[in-house]
Amino acid sequence: MPTRSTFLEVRTVAATACAAFAASLALTLPSTATAATPATYADDFNGDGYRDYVTGDNGSFTVAYGAADGPGATTSTFTQNGPGIPGASGGSTDAFGESLATADFNSDGFADVAVADKTEKAAGKAEAGAVTIVWGSKSGLASSATRLPLTSPHAHYEFGWSIAAGDFNGDGKPDLAVADIDKVYVYRGGFSKAGRTGKVTQHSPSRTVTRVFEPTGLIAGKVTKDRTTDLYVLGQGEKNGHMTQAAWFLKGGSALKSGTFTTYDKTSPDWKPGGVIADFDKNGYGDLAVSDIPYNNHAGSVVVLRGGPKGAASSYRLTQSTTGVATAAAKDEQFGHSVSAGDSNRDGYPDLAVGVPYEKVGSAKEAGGVHVLRGGRKGLTGAGSQWFTRATAGVPGNAVQYASFGIHVRLRDVNRDGYSDLLVSDQYENYDTSVLLPAGAQGVVTSGSRELSIWADFPQ
């Protein structure tokens, strides 16, 4: 079995978060969180009714606890050197925290975080990989964690390359999907601190569909019209000697059923594609917006797979050449490096934020920016789209060469007023900060924007 490094390009880019679990979020807030009542939000780790913000780095993850106007001042950082966290820190190459998924895995009223580490040594086997659940509590995430069982670890298979949470069988208990370089494992809930889980199933596409398929990302969300969460497995295939990109659909149900297999790039690999599921045209089926960074000499694009009963029903591509989208497409700008969905103007249609971190702004090379594309009856288009950089009036700071503003983007209603606000990160000197751009009836605005001490790569 070849490892990913066989095909990896020389230039690496920051990983994009690939878990999407919006379907688990309730519409109303409780007055208090009580034991045996599932957490209202999939990322409310202390049960106070506010969404929290958990981000990963090499060998660690950090949680910023939510407040009325977004991330608050209370933060905690966890590593494998800390008490209660299994495993050992691997230094700068440690992938602990690179992929995160959140849910109330043990249904105690407090959300938990699943932390992947594809580099972890397990059963004496290098890079076998591991996934650890760190448990929530009244005081937030605690130094209490449980390693996910893996019956037969394989050296260099990188279990935990990507993870995603969702209620895939509709029983009201969160499940957890985990990919390695060969297949996808789905762990059914409920989970316990003692290490118990429900049934574990393994999934890979038929050889009649593709001879080679290495999973590179998992995107969970509502695609079909039933009550279960569905799953897209992003991955590399092979055609005519070239590595290709594809999205394989697994329909939720008592047993996950294989659906459509869609190849959306036939020429180049992308080892960390970003994606999100949302019903952009409001036809009742969730659509997958997935980044295709290698497209057109890495000018980049976003491919939208329109949802249907068996997964992707049709597709269309968005680029900076799409009518109405500001700026022009140019090689190496990486339109789509990060994507996020949310309704920024409360018109009922989700919008899509698209980061372009290597866009030239004025004379500043790779200063970066972010587009907000509108959803509507026709899906996502360039009509009415918005464009923001550090040079946009009202945005804090200045457009700086190589700052890569837009390296991470998130649309999230941080103050619970019904409008999805925009958070944008760069990787300049203050790489652990983001700009928060509020949203209102006109969409995202710069009035009231501010810097936040958090990176915008938390699970969506």
Side-chain angles (χ1 to χ4, degrees), residues 17 19-56 61-67 71 74 76 78 84-85 97 99-116 131-149 160 163-178 186-200 218-222 227-231 252 277 412-413 416 458-460:
F21 190 30
S24 68
L25 305 184
L27 299 178
T28 58
L29 294 172
S31 57
T32 59
T34 59
T37 301
T40 298
Y41 290 124
D43 47 14
D44 180 7
F45 306 119
N46 57 4
D48 65 356
Y50 297 111
R51 297 188 70 177
D52 302 318
Y53 302 76
V54 61
T55 60
F61 70 91
T62 298
V63 57
Y65 291 98
T74 302
S76 294
F78 296 81
I85 309 295
S99 187
L100 306 169
T102 60
D104 184 1
F105 290 110
N106 60 351
S107 301
D108 66 350
F110 304 103
D112 315 298
V113 58
V115 187
V131 175
T132 301
I133 298 178
V134 180
W135 303 104
S137 69
K138 188 175 182 179
S139 58
L141 291 175
S143 295
S144 172
T146 303
R147 179 66 57 83
L148 208 65
I163 58 178
D167 184 5
F168 301 118
N169 59 358
D171 66 354
K173 299 176 183 178
D175 310 311
L176 185 63
V178 183
V186 175
Y187 289 75
R188 302 291 189 182
F191 297 82
S192 77
K193 294 183 179 181
R196 292 188 300 274
T197 74
K199 182 180 179 181
V200 182
L218 299 175
I219 311 296
K222 293 284 293 180
R227 66 178 184 175
T228 65
T229 306
D230 304 301
L231 185 69
I277 293 170
R412 175 181 282 193
D413 181 7
R416 302 189 301 181
F458 44 85
Q460 305 202 52

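Just so it is clear, the values below take in all heavy atoms, side chains as well, and ignore hydrogens, waters and symmetry mates. Remember, predicted model here, so these are calculated numbers, not experimental data.
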Out of curiosity, K173 NZ to S107 OG, how far, rounded to the nearest 0.5 Å? 7.0 Å
Is there a donor-acceptor pair under 3.5 Å between the side chain of S99 and the backbone N or O of I163? yes
Test your reading of the model: is there a side-chain donor-acceptor pair from D175 to the backbone of G189, 3.5 Å cut-off? yes
With heavy-atom distances below 4.5 Å as the criterion, would you say the side chains of L141 and S76 are in contact? no
How close do A220 and I277 get, counting heavy atoms only, and between which atoms? C-CD1, 3.8 Å
Do N46 and D52 come within less than 4.5 Å of each other through their side chains, counting heavy atoms only? yes
Answer yes or no: is there an ion pair linking D44 with R51, defined by an N-O contact shorter than 4.0 Å? no
Could you tell me whether D43 and R412 make a salt bridge, using a distance below 4.0 angstrom between a side-chain N and a carboxylate O? yes
Whether the side chain of R227 engages the backbone of G170 through a donor-acceptor N/O pair (distance < 3.5 Å, no angle test) should be reported. yes
Looking at T229 and F168, would you say the former's side chain and the latter's main chain have a donor-acceptor pair under 3.5 Å? no
Stepwise side chain to side chain contact (heavy atoms under 4.5 Å, CB included) test for T132 and L148: CA-CA 6 Å; T132 301; L148 208 65; over 6 Å; no
Rounded to the nearest 0.5 Å, what's the gap from OG on S143 to CD1 on I85? Could you check? 6.0 Å
For Y187, does its backbone N or O pair with a side-chain atom of T197 as donor and acceptor, under 3.5 Å? no
Considering all heavy atoms of both residues, which atom of L176 and which atom of A101 are nearest to each other, and what is their separation? CD1-CB, 4.1 Å
Any chance you could measure R188, atom CZ, to D171, atom CG, to the nearest 0.5 Å? 8.0 Å
Is there a side-chain contact between R416 and Y50, using heavy atoms and a 4.5 Å cut-off? yes
Hey, does the side chain of S192 reach the backbone of R196 with a donor-acceptor pair shorter than 3.5 angstrom? yes
Close side-chain approach of K138 to F110, heavy-atom, < 4.5 Å: yes
Look at the side chain of D230 and the backbone N and O of G252, then say whether any donor-acceptor pair between them is shorter than 3.5 Å. yes
Check whether any side-chain heavy atom of L231 sits under 4.5 Å from a side-chain heavy atom of I219, and report yes or no. no
dist F45:CZ -> Y65:OH (nearest 0.5 Å) comes out at 7.5 Å
Applying the side-chain hydrogen bond (donor to acceptor under 3.5 Å, both in side chains) criterion to W135, which one of D104, D112, T146, N106 satisfies it? T146
Which heavy atom in P174 sits nearest to a heavy atom in A103, and how many Å separate them? CB-CB, 3.7 Å
Which of parallel (below 30°), tilted (30 to 60°) and perpendicular (above 60°) describes F61 and F78? parallel
